[in-house]
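Residue indices begin at 1 and follow the sequence shown. Values in this document were obtained by computation on a predicted structure and should not be read as measured data.
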Amino acid sequence: MEFLIILIVISFLIGTISFALPSKSSREISELRMNASRMGFKISSSNIGQNSFKNKDVNLMIYSIKNETNLKEAHFIRDKKEFILYSPLKLKYEDNFLELISKLNNISEDVIEVAFIGSQISFLWKEKTDITELKKISTELNHI
């Protein structure tokens with residue numbers, strides 16, 4: 001009987017310790033976020049604070065970088081495979097609007113929304129474990 005109780009206690013401790021250890025995927029996401037922070041990205045959850053994005057999926061993360069473009073106010077939403085302008089509508093009548101949309105459509109399909117807000121560009125991203133994809137997104141957004 002004592003042996004059975006000791007065995008139950010040991011299995012409970014092993015289960016508790018293994019539950020507390022991070023999984024492989026959570027370690028990869030953590031490393032991606034740490035590398036993104038080093039590159040200058042600000043990362044926040046889409047369900048915390050004021051979220052200006054229309055997609056309310058809590059699995060998506062908001063990545064923000066410094067806006068080095070001339071575009072200071074714009075919000076684009078991915079509809080199926082292409083971005084559409086959400087606001088401001090006056091941007092649709094500018095001369096380079098079609099060029100802007102074509103550049104945005106070249107960005108990774110894991111980017112769901114893009115918002116140009118003053119001095120920063122924020123985008124909703126389905127996080128992947130590849131930092132090179134994030135670098136590519138960053139350069140493409142800043143070359144618009």
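- The closest side-chain heavy-atom distance from Glu68 to His143 is not below 4.5 Å.
- Using a distance-only test at 3.5 Å, with no hydrogens or angles considered, a donor-acceptor pair links the side chain of Thr16 to the main chain of Phe12.
- Distance check, rounded to the nearest 0.5 Å: CD1 of Ile62 to CD1 of Ile112 gives 12.5 Å.
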Practice prompt. Start with the C-alpha gap between Phe123 and Ser64, add the side-chain angles, then the distance that decides, and say whether side chain to side chain contact (heavy atoms under 4.5 Å, CB included) holds.
Written response: CA-CA 7 Å; Phe123 58 94; Ser64 301; over 6 Å; no

Just distance, no hydrogens or angles: give the donor-acceptor pairs under 3.5 Å from side chains in residues 86-95, sequence neighbours left out.
none

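- The main-chain N or O of Leu134 is never found under 3.5 Å from a side-chain atom of Asp130 such that the two would form a donor-acceptor pair.
- Annotation: the span from Thr69 atom OG1 to Ile121 atom CD1 amounts to 5.0 Å, rounded to 0.5 Å.
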Item to complete: Kindly indicate, with the supporting measurements, whether the criterion salt bridge (charged side-chain N to carboxylate O under 4.0 Å, His left out) is fulfilled by Glu109 and Lys126.
Response: CA-CA 9 Å; Glu109 289 188 14; Lys126 294 178 190 172; over 6 Å; no

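- Here the side chain of Ser11 pairs a donor or acceptor atom with the backbone of Leu7 at under 3.5 angstrom.
- In this structure, CH2 in Trp125 is found 7.5 Å from OG in Ser108, a value given to the nearest 0.5 Å.
- Using a 4.5 Å heavy-atom cutoff, the side chains of Phe76 and Ile101 are in contact.
- Hydrophobic clustering of Ile, Leu, Val, Met, Phe, Trp and Tyr side chains at less than 4.5 Å, counting indirect connections, keeps Leu71 apart from Ile77.
- Taken to the nearest 0.5 Å, the OH atom of Tyr63 stands 4.0 Å off from the CD1 atom of Ile43.
- With values rounded to the nearest 0.5 angstrom, Asn55 atom CG is found 6.0 Å from Leu124 atom CG.
- Residues that satisfy the side-chain hydrogen bond (donor to acceptor under 3.5 Å, both in side chains) test with Ser37, not counting sequence neighbours, are absent from this structure.
- Residues Ile144 and Phe116 have side chains in contact (heavy-atom distance under 4.5 Å, counting atoms from C-beta outward).
- Residue Asn106 holds its CG atom at 8.5 Å from NZ of Lys136, rounded to the nearest 0.5 Å.
- With sequence neighbours excluded, no residue satisfies side-chain hydrogen bond (donor to acceptor under 3.5 Å, both in side chains) with Arg27.
- Looking at Lys135 and Met39, their side chains come closer than 4.5 Å, going by heavy atoms from C-beta outward.
- The salt bridge (charged side-chain N to carboxylate O under 4.0 Å, His left out) test applied to Lys72 returns no partner, not counting sequence neighbours.
- Hydrophobic clustering, defined by side-chain heavy atoms of Ile, Leu, Val, Met, Phe, Trp and Tyr closer than 4.5 Å, groups Ile6 together with Ile10, Ile14.
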Item to complete: Go through the steps for Glu99 and Lys103 under the test salt bridge (charged side-chain N to carboxylate O under 4.0 Å, His left out), then give the verdict.
Response: CA-CA 6 Å; Glu99 180 184 341; Lys103 286 181 180 181; 3.4 Å; yes

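- Contact of the Ile107 side chain with the Leu104 side chain is registered, since non-hydrogen atoms from C-beta on lie closer than 4.5 Å.
- The closest side-chain heavy-atom distance from Glu133 to Asp110 is below 4.5 Å.
- Looking only at distances, no side-chain donor or acceptor of Asp79 sits under 3.5 Å from a matching main-chain atom of Ile84.
- Without hydrogens or angle criteria, Asn105 side chain to Phe83 main chain gives a donor-acceptor distance under 3.5 Å.
- Within the 4.5 Å cutoff, the side chain of His75 has heavy atoms near those of the Glu113 side chain.
- You'll find the side chain of Ile65 stays beyond 4.5 Å of the side chain of Gln120, heavy atoms only.
- Under the side chain to side chain contact (heavy atoms under 4.5 Å, CB included) criterion, Met34 pairs with Arg38, not counting sequence neighbours.
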